[in-house]
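Indexing begins at 1, ligand by ligand and atom by atom, following the structure's order.
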Amino acid sequence: MHLVSLIYASKITDKIHEDGVVDIVQKARISNEKLDVTGLLCFDNSFFLQCLEGSREAVNKLYAKISSDPRHANAILLQYEEISKRQFAKWGMGLALPTKSNSVSFLKYSRRAQFNPFEMSGESAKQLLLALAKKSEIQ
Ligand SMILES: Cc1cc2nc3c(=O)[nH]c(=O)nc-3n(C[C@H](O)[C@H](O)[C@H](O)COP(=O)(O)O)c2cc1C
């Protein structure tokens, strides 16, 4: 099996309110577990940054589905690579919300005064997700 990691960024649309994100993640956990997909979703009130990891087939199919979801738009693939081990094995889908401490990390890895994953390199996006995963503020 080829284990892969995919990272994309997108922007929230008016199709959901902020509390809809928790609902997305609760459902995602159930279906990701069935597909043996793990990952982390980072949300800062306007942008999403998500890593999906699992088999190449599962991750590709899931990304195709997620990227056409009307609750967000302009999904842009930031990084796709084969990996030898999972970085987010603990979570069917972890959720990093804009708590004070997480927001410090969002900005640390952004090139601007405001968090904007569309301007991040794939590598910075990955480093941000890894830094968030090390903290305890993942729901
Ligand atoms: C930002 C965002 C992240 C999502 N992440 C996942 C995910 O990790 N796993 C998942 O199954 N669905 C995820 N979804 C929901 C999917 O787009 C889709 O609604 C869901 O898989 C149900 O699809 P179905 O009704 O065809 O089964 C996400 C949606 C959004 C907007």
Side-chain angles (χ1 to χ4, degrees):
M1 184 190 77
H2 294 275
L3 191 63
V4 302
S5 156
L6 180 157
I7 299 175
Y8 76 88
S10 63
K11 195 157 192 330
I12 193 167
T13 62
D14 56 9
K15 299 275 187 286
I16 49 165
H17 292 293
E18 283 149 29
D19 51 7
V21 176
V22 173
D23 184 57
I24 288 176
V25 168
Q26 279 168 353
K27 292 191 175 128
R29 282 181 184 146
I30 298 167
S31 72
N32 290 359
E33 198 175 319
K34 289 183 196 144
L35 298 170
D36 199 18
V37 167
T38 51
L40 184 61
L41 176 66
C42 164
F43 175 63
D44 87 321
N45 297 315
S46 65
F47 297 106
F48 291 108
L49 178 66
Q50 187 176 26
C51 177
L52 303 169
E53 47 186 27
S55 76
R56 188 158 70 187
E57 290 72 18
V59 167
N60 274 271
K61 270 195 201 147
L62 182 58
Y63 180 63
K65 197 194 264 188
I66 293 175
S67 56
S68 61
D69 191 315
R71 292 172 288 185
H72 63 169
N74 301 353
I76 183 151
L77 193 57
L78 300 182
Q79 197 185 54
Y80 180 86
E81 60 181 355
E82 289 202 355
I83 51 173
S84 53
K85 85 176 198 1
R86 294 172 192 254
Q87 299 290 348
F88 308 105
K90 269 196 260 178
W91 301 288
M93 189 47 60
L95 176 61
L97 290 171
T99 59
K100 260 195 188 152
S101 149
N102 285 345
S103 297
V104 170
S105 301
F106 293 175
L107 291 181
K108 190 173 158 205
Y109 290 87
S110 300
R111 289 161 58 206
R112 302 284 170 95
Q114 275 183 324
F115 174 61
N116 183 348
F118 285 85
E119 295 189 348
M120 291 174 91
S121 67
E123 191 52 32
S124 309
K126 181 172 147 187
Q127 293 307 324
L128 166 59
L129 290 162
L130 291 175
L132 290 168
K134 281 198 196 126
K135 295 192 179 170
S136 52
E137 289 187 323
I138 303 295
Q139 303 204 345

Path from Leu52 to Val21 over hydrophobic side-chain contacts below 4.5 Å: yes
Contacts of Gln26 that satisfy side chain to side chain contact (heavy atoms under 4.5 Å, CB included) - sequence neighbours left out: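 Listed in chain order: Val22.
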Residues in contact with ligand 1, criterion: heavy atom under 4.0 Å: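 Ligand 1 is contacted, at a heavy-atom distance under 4.0 Å, by Tyr8, Ile24, Ala28, Ser31, Asn32, Phe48, Gln50, Leu52, Leu62, Lys65, Ile66, Asp69, Arg71, His72, Met93.
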Spacing of CG belonging to Leu3 relative to CZ belonging to Arg86, to within rounding of 0.5 Å: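 Between atom CG of Leu3 and atom CZ of Arg86 there are 5.5 Å.
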Of all pairs that satisfy ring-ring contact (aromatic ring centres under 6.0 Å, His included), the ones with a partner from residues 9-49, not counting sequence neighbours: Phe43-Phe48, Phe47-Phe118, Phe48-His72
Inter- and intrachain pairs under ring-ring contact (aromatic ring centres under 6.0 Å, His included), touching residues 85-106, at least two apart: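 As it turns out, the ring-ring contact (aromatic ring centres under 6.0 Å, His included) pairs with a partner in residues 85-106, which skip direct neighbours, are Phe106-Phe115.
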Option from Leu41, Leu129, Leu40, Asp44 for which side chain to side chain contact (heavy atoms under 4.5 Å, CB included) with Leu49 holds: Leu129
